[in-house]
Number of protein chains: 2
Amino acid sequence: MGDYMISERQLRILEAIISDFIDTAQPVGSRTISKKYPLGVSSATIRNEMADLEELGYLEQPHTSSGRIPSDLGYRLYVDALVNVHSIGIDEKEIIQSMLRNRIIEASDLAKQAAKLLSEFTNLVAIVTIPKFNKCKLANLKLIKVSDTRVLLILVTDTGIVKNIQLAMSYTDQFILDRVSDTMLSFLSGETIENIDVRSILKLKHKLQNLGTFVDYLIPILKDALKSLNGTEQYAEGLSHILSIQEFADSEKAKVIFDFLRDAQNLEIFLDEVSTDQLSIKIGSEIGIESLDACSIISSTYKVDGKSDGKIIVLGPKRMDYGNVVSIVNYISNTLSDVFSGINL
Amino acid sequence: MGDYMISERQLRILEAIISDFIDTAQPVGSRTISKKYPLGVSSATIRNEMADLEELGYLEQPHTSSGRIPSDLGYRLYVDALVNVHSIGIDEKEIIQSMLRNRIIEASDLAKQAAKLLSEFTNLVAIVTIPKFNKCKLANLKLIKVSDTRVLLILVTDTGIVKNIQLAMSYTDQFILDRVSDTMLSFLSGETIENIDVRSILKLKHKLQNLGTFVDYLIPILKDALKSLNGTEQYAEGLSHILSIQEFADSEKAKVIFDFLRDAQNLEIFLDEVSTDQLSIKIGSEIGIESLDACSIISSTYKVDGKSDGKIIVLGPKRMDYGNVVSIVNYISNTLSDVFSGINL
DNA sequence: TGTTAGCACTCATACCAAACGAGTGCTAAA
DNA sequence: TTTAGCACTCGTTTGGTATGAGTGCTAACA
């Protein structure tokens, strides 16, 4: 990339056009640019340059004799070459830190909170997924009787993530459950969750010989339960922001986005497709999903202890404040990394 | 109620008008009625009756020389006297039964699933709350070390609801935690959550004399934690249906509803206000919330073991199929009652 | 006395042409 | 190479008219 066949002045003009369009949502004309931006050239000159920029594919004209709007390619150039990512303010940082480090203990709450912050600071839709649980190490474990037929399995990782899984079983004496879970813990503590497979559980049987039948019974249930940990949990917040965006003022258009995001099936695939780069910006057709052609997504990946990872996604109209959103995504991504990695005391 | 100063024929005409308006969303005129509905009178007669019905407050005229639309009072009469609630089909029943009785064990999943069904069958917004936790009896309790400074308090009710609360404390030896939680359980088991106050916890101290300082330390933390249980958990589904409703085609209007529903604060109050009757229908201004003036809500209460209760709410435009929605709400409400009460299977 | 036909009137909506104006492309002069 | 000027385009606004759905009222009718 980097090497665009385009003059410095053209770049400046493109920048002005896109900035203005992001502000006003209106096709922008040469006169507007020459008046509002101190480029030192007349509207006629700008007019010529705009014609060239259109020919190069950076601009589009909704109809003859209207102003220009950026094409996806134009946005791409803008994002690559022109957006400057200022760091977010100290106040925002403080809020984010306090909201994410304060009294949140469950992974799902943390993700939800992060999504909320993200959508509030950007006024856009935010989605945060929970890191795959199975790369973390087991730190604590309990089996708790919930009813005569149900048991709650609680897993705590060394990173402080808590996860509970309901098991359906008809063998629910709390005394036995305590013995089993104590033994399991002493046996599995420090193991990564993904390594807790049937084979390792089988060894448990030796340690609990007097409870052999119970363990036999428990193993397939545990196996199922651990499998259910593989799904990606995600939290979306700020959907209603879509309704405030001019591009989606027509509720038909808003509905397209809503319906896409509601369909979990879609979302799962969508999230998988989303780049696993540290930070990725996809604009309109680059997303490759027709119903999101009018949108851009900015996504990032956060790592937990450098291993398992979760995703952060902001979805908005192409006409968004890229610099601002990128900086917020970055900051929250990093914070989330830290918090999940257990650096939080 | 029951005794409306209104003739049989006026009732018939009102019914025809409201039915037609629910179908078409257009103000309905006298001629439409005389043609579409076999009332055996001419449009002129209907015209006269409509004028009377307007004077009585059952109809409104958006502007002179347009057709009539029902007033809130008109809808009220319609709902009270004219809607007939047919039972829902056997197919629907089967779907609901299988979705709610099948492999769901967590209260929150159950509520979520019920809300989903409700919104899918009605094409409207559905909200389902989980029965208030603090009227349930304590069935199980554990303290689990999460990190050196964090402990998880897990509460299980006799109705099978699981709740975990984070405690920040620097006294986190799992062996001690086990002893304390075992004693607490033996001591508090069967007590309703709301009765677990400081006084009852104080008695715990006697039972754990050798851990006196620990209990001193624990009590204020527990007190805080229990306070945080008072919130009502609720699940809303089908928000996007709003966007398909003519009344809210303007995304400004849709946003009003969205914003109201998103604000948890609002929702909490709103849910408290919602009638605790077995079944309640509120129309427009009857709701008493300005931003919902264009809506009706149909709500019901389901009981768990005749004690604690949860709410079921369907929110839609006043122009909704009341008969259908009522029957679905009723059926799901009853099913939910059953499932929650007999959750141990 | 209740019902109906007829008619004048209202008023939101559709329609259409003209005026407007923001913006362009092109040309010619600086 | 830049700029001023100008003719042209085309979506939007404007205003005036027609349309028609619907009303209220009156008078005739059963």
Side-chain angles (χ1 to χ4, degrees), chain A residues 5-14 16-21 23-71 74 246-247 249-250, chain B residues 5-14 16-21 23-71 74 246-247 249-250:
Chain A
M5 296 304 291
I6 194 176
S7 73
E8 176 66 21
R9 191 172 67 186
Q10 283 176 319
L11 247 190
R12 286 278 154 74
I13 290 172
L14 184 67
I17 292 171
I18 298 186
S19 299
D20 205 74
F21 183 70
D23 276 2
T24 66
Q26 298 300 323
V28 15
S30 55
R31 201 137 175 286
T32 313
I33 295 299
S34 78
K35 276 206 299 189
K36 277 216 243 174
Y37 299 82
L39 294 171
V41 289
S42 78
S43 67
T45 307
I46 291 170
R47 212 139 58 225
N48 291 329
E49 298 285 32
M50 281 164 83
D52 291 350
L53 284 168
E54 182 175 358
E55 201 162 347
L56 289 167
Y58 297 116
L59 293 178
E60 283 168 5
Q61 213 170 5
H63 47 262
T64 339
S65 86
S66 84
R68 303 303 209 292
I69 60 174
S71 67
Q246 276 202 34
E247 275 82 343
D250 176 12
Chain B
M5 295 304 291
I6 194 176
S7 72
E8 177 65 22
R9 190 172 68 186
Q10 283 176 320
L11 248 189
R12 286 279 154 74
I13 291 172
L14 185 66
I17 292 171
I18 298 187
S19 299
D20 204 75
F21 184 70
D23 276 2
T24 66
Q26 298 301 323
V28 14
S30 55
R31 200 136 174 288
T32 313
I33 296 299
S34 78
K35 276 207 299 190
K36 276 216 244 174
Y37 299 82
L39 294 170
V41 289
S42 78
S43 67
T45 307
I46 292 170
R47 211 139 58 226
N48 291 329
E49 298 285 32
M50 281 165 82
D52 291 350
L53 284 168
E54 182 176 358
E55 201 161 346
L56 289 167
Y58 297 116
L59 293 177
E60 283 169 5
Q61 213 172 5
H63 46 263
T64 339
S65 87
S66 85
R68 304 301 210 292
I69 60 173
S71 68
Q246 276 203 35
E247 275 82 343
D250 175 12

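Keep in mind it's a predicted model, so treat the numbers as computed, not measured. Chain letters run A, B, ... following the sequence lines, proteins first, then strands; residues in each count from 1.
- Remark: A:Gly29, A:Ser30, A:Thr32 in residues 27-40 of chain A come within less than 4.0 Å of DNA chain C through at least one heavy atom.
- Atom CD1 in B:Ile13 sits 10.5 Å away from atom CD in B:Glu8 (nearest 0.5 Å).
- Side chains of A:Thr45 and A:Arg9 form a contact here, defined as non-hydrogen atoms less than 4.5 Å apart.
- Of all the heavy atoms in B:Glu49 and B:Ser7, the pair that sits closest is OE2-OG, 4.5 Å.
- In this structure, A:Ser19 OG and A:Leu14 CG are separated by 9.0 Å, a value rounded to the nearest 0.5 Å.
- The CG atom of B:Asp23 sits 6.5 Å away from atom NZ of B:Lys36, with the distance rounded to the nearest 0.5 Å.
- Of the residues in residues 59-67 of chain B, those placing a heavy atom less than 4.0 Å from an atom of DNA chain D are B:Gln61, B:Ser65, B:Ser66, B:Gly67, in numerical order.
- Going from atom CG of B:Asn48 over to atom P of C:dA5 covers 13 Å, rounded to whole Å.
- In this structure, the side chains of B:Leu59 and B:Met50 come closer than 4.5 Å at one or more pairs of heavy atoms.
- Atom CD1 of A:Ile69 sits about 10.5 Å away from atom CD1 of A:Ile18, to the nearest 0.5 Å.
- In this structure, the side chain of A:Ser71 engages the main chain of A:Gly57 through a donor-acceptor pair within 3.5 Å.
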Check: Between A:Leu53 and A:Ile6, does a side-chain contact (heavy atoms from CB on, under 4.5 Å) hold up when you go through it step by step?
Finding: CA-CA 8 Å; A:Leu53 284 168; A:Ile6 194 176; 3.6 Å; yes

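- Following rounding to the nearest Å, B:Arg68 (CZ) and C:dC11 (C1') show an atom-to-atom distance of 14 Å.
- Reading DNA chain D from its 5' end, the first and the last nucleotide to sit under 4.0 Å from a heavy atom of chain A are D:dT2 to D:dG11.
- With a 4.5 Å cut-off on side-chain heavy atoms, B:Tyr37 and B:Asp20 count as touching.
- Positionally, the nearest nucleotide of DNA chain C for B:Arg9 lies more toward the 5' end than for the other of B:Arg9 and A:Glu54.
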